Amino acid sequence: SRPASQPDMAGGTRVCAAAITGGAVRLSNDRPWDVIPVSDKLREMGCRVEETADTVTLEAPERLRAFSRLQTQPHPGFPTDMQAQMLAVSCLAEGTSVIVENVFENRFGHVADLRRMGARGTAPRAGQFVHPLALPEADGGAAPRRQRFLGRRGFRWRSAERRQPA
């Protein structure tokens with residue numbers, strides 16, 4: 001069991017997974033207040049998110065929009081443990097997102113892996129990552145972009161709702 005002040009990031013990770021795949025998810029028996037900072041950013045990206053006392057429902061749009069700025073903060077602010085997931089979601093968004101890490105230094109270690117998958121972005125100063133449109137849209141469609149992005153790391157694209165290991 002975790003202390004009451006420690007948020008559960010599993011729910012946030014699940015809603016990010018639904019957003020990145022263009023799908024939908026309903027989390028039951030979860031703690032929706034733990035994902036509120038994440039939900040707010042996903043709404044800014046165009047996702048429809050509804051929270052009740054014990055459920056969170058997310059439907060992703062066909063095309064995600066970039067969020068303007070995400071700054072990690074100690075609880076109850078935006079959780080630093082969700083920064084990597086949100087950066088991955090922003091890789092498929094149209095526009096420029098800025099992520100500022102205020103809690104831990106060197107928290108962008110995952111960026112090298114995203115770059116190997118084709119993501120682009122810069123780190124203009126320590127603790128900040130500016131992410132313009134990560135993957136080129138040669139064909140103009142979000143689903144093929146998701147397929148190319150997810151397919152580079154051993155995932156076979158099956159539908160907008162799910163992906164399975166190759």
Side-chain angles (χ1 to χ4, degrees), residues 1-99 101 103 107 110 113-114 117-119 131 133-135 137 140-166:
S1 173
R2 65 188 171 274
S5 63
Q6 280 293 91
D8 176 17
M9 294 299 102
T13 301
R14 290 182 192 111
V15 293
C16 284
I20 205 167
T21 60
V25 68
R26 180 172 186 220
L27 307 178
S28 300
N29 299 321
D30 224 332
R31 297 172 18 173
W33 57 88
D34 282 344
V35 299
I36 288 174
V38 177
S39 298
D40 289 344
K41 285 297 169 191
L42 291 170
R43 278 188 190 98
E44 189 178 337
M45 297 181 85
C47 294
R48 191 172 67 79
V49 183
E50 294 179 17
E51 296 125 347
T52 66
D54 63 349
T55 64
V56 177
T57 305
L58 177 134
E59 286 184 35
E62 187 167 318
R63 298 175 66 87
L64 293 166
R65 295 184 308 265
F67 52 80
S68 57
R69 186 176 184 90
L70 182 155
Q71 294 190 67
T72 63
Q73 300 291 331
H75 186 67
F78 193 91
T80 187
D81 292 342
M82 287 301 303
Q83 178 258 103
Q85 294 92 315
M86 288 302 295
L87 196 149
V89 174
S90 75
C91 285
L92 296 171
E94 185 177 324
T96 300
S97 295
V98 177
I99 297 175
E101 176 58 58
V103 180
R107 192 68 173 200
H110 55 282
D113 291 327
L114 291 171
M117 290 187 275
H131 186 266
L133 180 63
L135 300 168
E137 277 193 271
R145 251 189 336 154
R146 286 186 183 109
Q147 182 175 7
R148 285 192 307 273
F149 182 71
L150 296 173
R152 292 180 187 197
R153 296 306 285 171
F155 286 95
R156 194 172 345 145
W157 187 256
R158 298 243 171 128
S159 73
E161 288 78 35
R162 63 186 173 134
R163 59 187 169 100
Q164 296 182 357

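One is the number of the first residue; the rest follow in order along the sequence. In this text the structure is predicted, and so the values were computed from the model without any measurement.
Note that CD of E50 is 8.5 Å distant from OG1 of T55, once rounded to the nearest 0.5 Å. Between C16 atom SG and K41 atom NZ the span is 12.5 Å, to the nearest 0.5 Å. With rounding to the nearest 0.5 Å, the separation of CZ in R63 from CG in L92 is 11.0 Å.
Here the options are L58, V49, V38, the test is side chain to side chain contact (heavy atoms under 4.5 Å, CB included), and the partner is R43; only V49 passes.
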Would you sort out whether R107 and D81 count as a side-chain contact (heavy atoms from CB on, under 4.5 Å), showing the intermediate values? CA-CA 9 Å; R107 192 68 173 200; D81 292 342; 2.5 Å; yes

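Under the rule for a side-chain contact (heavy atoms from CB on, under 4.5 Å), the partners of T13 that lie at least two apart in sequence or sit in another chain are M82, Q85. Partners of R26 under the salt bridge (charged side-chain N to carboxylate O under 4.0 Å, His left out) rule, at least two apart in sequence or in another chain, do not exist in this structure. Under the rule for a side-chain hydrogen bond (donor to acceptor under 3.5 Å, both in side chains), the partners of Q71 that lie at least two apart in sequence or sit in another chain are N102. For the salt bridge (charged side-chain N to carboxylate O under 4.0 Å, His left out) test, no residue two or more places apart in sequence or in another chain qualifies with R65. Judged as a side-chain hydrogen bond (donor to acceptor under 3.5 Å, both in side chains), and not counting sequence neighbours, the contacts of S39 are E51.
Contact record, P79 with P37: CD-CB, 4.0 Å, taken as the closest heavy-atom pair. In plain terms, the two heavy atoms of E44 and S68 that are nearest each other are OE2-N, 2.8 Å. The shortest heavy-atom contact between L64 and A19 is CD1-O, 3.6 Å.
Between the S97 side chain and the A66 main chain, no donor and acceptor come within less than 3.5 Å of each other. In this structure a side-chain-to-backbone donor-acceptor pair under 3.5 Å is present from E101 to V103. In this structure a side-chain-to-backbone donor-acceptor pair under 3.5 Å is missing from S90 to A93.
In this structure the side chain of F67 never reaches within 4.5 angstrom of the side chain of V98, judged on heavy atoms. Residues V89 and L42 meet the side-chain proximity criterion, which asks for heavy atoms closer than 4.5 Å.
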